[in-house]
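Below is one structure, written out as structure tokens, with a few remarks after it.
Every number for a ligand or one of its atoms is a count from 1 in the order of the listing. Numbering starts at 1 and runs along the sequence shown.
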Amino acid sequence: MDERKDEPVVDERRREVLVTGGALLAATALRVGTVAAADAAITLPPLPYAENALEPVISANTLSFHYDKHHKAYVDNVNKIVPGTPYAGLSLEDIVKKTVNAPDQSTLFNNASQAWNHAFYWRSLHPKATATPPAKLQAKIVASFGDVQALKKELAAAATSQFGSGWAWLVADGDKLKVMKTSNADSPLAHGGKPLLVIDVWEHAYYLDYQNKRADYVNGVLDKLLNWDFAAENLTRA
Ligand code: FE2
């Protein structure tokens, strides 16, 4: 009878040990995770909106793969390559600028630049985009292109004519603005330029939603998602 009476006590102690041990393990894992994050060269920035926020132009399915798989892979690859190299501890932006002309660092450049480009791309889009840019940016657009529609036309031409994978950019060029396109991982930033907005035209950005109709994706982005406030912020950046 005593034994039976003791059983629950033993079980309770076991449970306590297990719970305490589990908590310790969890705390240790958390600490290791924190250290690993602190040592990592870069982190995956959170999406600035929900994965379904850009529908119907960009589906949650596309955004989920694009952010959780593609963007994350670029960040993870940088963090695998960088430790123990002279690039450890540098910002992502500096890694991009320092590796663009280093032929033996092409893998690091490609992954770092893609990580930077994607973080910039998410912020170039907004689920509740305003139709009109802020006044100062609007004035630059008028001076450089004539009007917003003319700028959009140039962006559409750059985005649809880019052969294969790449990006279409709005860039500050001295007092004026210009549109340009880059291939694969390349960017104006890598070459000392000042990007204001970007559209990803890699097939992974649109193929699930539009298949081969890149122009439909590009026009949807231009009509409904361009984040003019972000472009205006970049214009004032030193
Ligand atoms: Fe992409």
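- Between Phe120 and Trp169, the two ring planes are tilted [angle within 30° to 60°].
- Relative ring orientation between His118 and Trp167 is described as perpendicular, the plane-to-plane angle rising above 60° on a 0-90° scale split at 30° and 60°.
- Within a radius of less than 2.8 Å around the Fe ion (ligand 1), the protein N, O or S atoms are His66 NE2, His118 NE2, Asp200 OD2, His204 NE2.
- Ring centers of Trp122 and His66: under 6.0 Å apart, within the cut-off.
- No donor-acceptor pair under 3.5 Å is formed between the side chain of Arg123 and the backbone N or O of Pro48.
- Applying the ring pair (Phe, Tyr, Trp, His ring centres under 6.0 Å) rule to pairs touching residues 124-164 yields nothing, sequence neighbours excluded.
- In this structure, Ser113 contributes its side chain and Ala185 its backbone to a donor-acceptor pair below 3.5 Å.
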